[in-house]
Amino acid sequence: GAKQRHAAAHGLASLGEVGARAMVPALSMHGGEVKSLALEICIHVGADAGSMASHLAQCAEDADEAVRERATQALGMLGSQASAEAIHALGNRITDQSLGVSRLAIAGVGHMGPAAMELAQKVLTQLQCFDVDLRRTTAWSLGQLGPGLPTPVTKALAEALKEDKDSTVRELSARALGSQGAAAIPFAQTLGAALQDQVPAVQVAAVQSLSLLGGQAVAHLIPAICNLALASQGEVEQEALLALGSFGQHGVYTLASRLEDHVPETRQQVLEALAKLAHYKATQELIVSVTQLLKDKPNPGVRAAAAKALGEIAASQLEQARAEGLADQEVADASSPYSYSKKPSPEDQAQKASEQLARLVDEDFSAQVRTAALTALRRGMPLQK
């Protein structure tokens, strides 16, 4: 019965290449059901079925669609170690008359990764297919091939990011562009426009891809990433902040420039963002600017956010310095034009921060600020000498 056949197939698959080679006679038979069962075993064997490439290639040309599907899937499962014969056979199925076979072939190219780069332009032919699942698989597969995609392919991905009506296709196209690193710099503006996409997953993909291009390449888009960080929540906010942190001073300082905004809510949002970036060196260099906002008398929300940010920054700086054995050492002031200029040691800065927070707990008229300062002190227990 069926259960017995599947149990036997599972047992043969567990034997790896030996089990796959035992399927050679079955793959040469005329019956589609027998071939399909033998191919199921090859699929489960995966990369260990590499020596079966010529047999799988023959089955991939079979008139029976079910046989072609399983043979195509088995070829894709050979992965990065696939032979040239297997890659060629898989490429022949990309434009198969069956959408199912075509989708499996394109997915297989993605599983093979950079080894199948020669098929990139052939895969690209399906990026405008009417079938949304096939377009999704195409965009994903192109993103798995690694750096070095032909220029026509990257151009088509950029166009899909701009124009495709399916958000998953747009997301995967953005990720595929990011996988190209510096080669995607000409499409930075397209990725920047995707920051305004209505779907958060597309925004996240655009931010992550822009961060892979480097701060200098996308300097003109950093303000837009700042806007996204301040206007969003959840994963979009998190990824935008991570991108700003990864850009170093350029990203963090662009964010910090909003501390001078005339709208109190904006200043508060920036301080809350800086608290989340406290572990970055660039943020720690802003401790004086953050401290100044403890005196924003008309706006308790700003003062409370400043207290939280100060506690996070001072504590993070001290923890890192202690881990490096530098907690009590003065450090050069990188912002000073004089090489002999020194900043207080992390221990001294932390102690000063704890004193300022303690004063807020004792003296500020706002319960919100006092609570924030007390919470910051508790977060910063290492602040106490």
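Because the structure is predicted, anything quoted here is derived from the model rather than measured.
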If you round to the nearest 0.5 Å, how far is [atom2] of [Y] from [atom1] of [X]?
| X | Y | atom1 | atom2 | result |
| --- | --- | --- | --- | --- |
| Y253 | T283 | OH | OG1 | 9.0 Å |
| I287 | Q349 | CD1 | CD | 5.0 Å |
| L259 | L286 | CG | CG | 7.5 Å |
| M77 | L90 | CE | CG | 12.5 Å |
| Q233 | Q238 | CD | CD | 13.0 Å |
| S173 | R135 | OG | CZ | 9.5 Å |

Residue list, side chain to side chain contact (heavy atoms under 4.5 Å, CB included) with [X], at least two apart or on another chain:
| X | answer |
| --- | --- |
| E237 | S232, L241, K276 |
| P147 | none |
| T154 | L149, T151, L177, Q180, F187 |
| R370 | D364, A367 |

Hphob cluster co-occupancy, [X] + [Y], side-chain heavy atoms under 4.5 angstrom:
| X | Y | answer |
| --- | --- | --- |
| I225 | V199 | yes |
| V169 | L99 | no |
| L56 | L104 | no |
| V288 | Y280 | yes |
| F365 | L360 | no |

**Message:** For the NE2 atom on H88, are there more than 12 heavy atoms of other groups (residues, nucleotides or ligands in this structure) within a distance under 6.0 Å?
**Reply:**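 For H88, atom NE2 is not crowded (no more than 12 foreign heavy atoms under 6.0 Å).
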**Message:** Taking atom CD as the centre, does E235 end up with more than 12 heavy-atom neighbours from other residues, nucleotides or ligands that are less than 6.0 angstrom away?
**Reply:**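 Not buried by this count: 12 neighbours or fewer within 6.0 Å.
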**Request:** List the steps, then state whether side-chain contact (heavy atoms from CB on, under 4.5 Å) holds for V202 with L161.
**Result:** CA-CA 9 Å; V202 179; L161 175 56; 4.3 Å; yes
Do any N or O atoms from the side chain of [X] and from the backbone of [Y] form a donor-acceptor pair under 3.5 angstrom?
| X | Y | value |
| --- | --- | --- |
| S354 | Q351 | yes |
| R70 | E40 | no |
| R303 | K297 | yes |
| S209 | A174 | yes |
| S141 | T137 | no |

Please tell me if the side chains of [X] and [Y] come closer than 4.5 Å, counting only heavy atoms from C-beta onward.
| X | Y | value |
| --- | --- | --- |
| Q203 | L195 | no |
| V207 | V204 | no |
| R170 | D197 | yes |
| L271 | V290 | yes |
| R267 | D296 | yes |
| K155 | L124 | no |
| L230 | V270 | yes |
| S102 | T95 | no |

**Prompt:** Taking only residues two or more places apart in sequence or in another chain, which ones pass salt bridge (charged side-chain N to carboxylate O under 4.0 Å, His left out) with R93?
**Reply:**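 With neighbours one apart ignored, the set is E61, D96.
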**Message:** Using the salt bridge (charged side-chain N to carboxylate O under 4.0 Å, His left out) criterion, which residues pair with E159? Sequence neighbours excluded.
**Reply:**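 Expected list: K162.
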**Message:** Quick one about E272 and Q268 (side-chain donor to acceptor, distance below 3.5 Å, no hydrogens or angles considered), yes or no?
**Reply:**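 The answer is yes; a qualifying pair exists.
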**Item:** R175 and E171: CA distance, side-chain angles, deciding distance, salt bridge (Lys or Arg N to Asp or Glu O under 4.0 Å) verdict
**Value:** CA-CA 6 Å; R175 295 192 183 282; E171 175 193 352; 3.4 Å; yes
**Prompt:** Which is it for R68 and Q97 under the side-chain contact (heavy atoms from CB on, under 4.5 Å) test, yes or no, and what are the steps along the way?
**Reply:** CA-CA 11 Å; R68 294 203 310 281; Q97 61 186 0; 3.9 Å; yes
**Prompt:** Which is it for E285 and Q249 under the side-chain hydrogen bond (donor to acceptor under 3.5 Å, both in side chains) test, yes or no, and what are the steps along the way?
**Reply:** CA-CA 9 Å; E285 294 166 2; Q249 285 188 341; 2.8 Å; yes
Considering all heavy atoms of both residues, which atom of [X] and which atom of [Y] are nearest to each other, and what is their separation?
| X | Y | answer |
| --- | --- | --- |
| L75 | A89 | CD1-CB, 3.9 Å |
| I94 | Q126 | O-NE2, 3.1 Å |
| A307 | A376 | O-CB, 3.4 Å |
| T190 | A158 | CG2-O, 3.6 Å |
| L78 | A86 | CD1-CB, 3.7 Å |
| P186 | A182 | CD-O, 4.2 Å |

**Item:** Residues L277, L255; criterion side-chain contact (heavy atoms from CB on, under 4.5 Å); working and verdict
**Value:** CA-CA 11 Å; L277 296 174; L255 176 64; 4.0 Å; yes
Partner set under side-chain hydrogen bond (donor to acceptor under 3.5 Å, both in side chains) for [X], not counting sequence neighbours:
| X | result |
| --- | --- |
| Q269 | none |
| D166 | R136 |
| S98 | E65 |

**Request:** Would you please test L228 and V236 for side-chain contact (heavy atoms from CB on, under 4.5 Å) and show each step?
**Result:** CA-CA 8 Å; L228 193 63; V236 176; 3.7 Å; yes
Distance-only donor-acceptor pairs under 3.5 Å for side chains of residues 210-222, two or more places apart:
unit_1	atom_1	unit_2	atom_2	d
S211	OG	Q208	O	2.6
H220	NE2	Q189	OE1	3.1

**Item:** Members sharing W140's hydrophobic cluster (side chains within less than 4.5 Å)
**Value:**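 ILVMFWY cluster around W140 also holds L172.
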N/O donor-acceptor pairs under 3.5 Å from side chains in residues 110-123, not counting sequence neighbours:
unit_1	atom_1	unit_2	atom_2	d
K122	NZ	G91	O	3.1

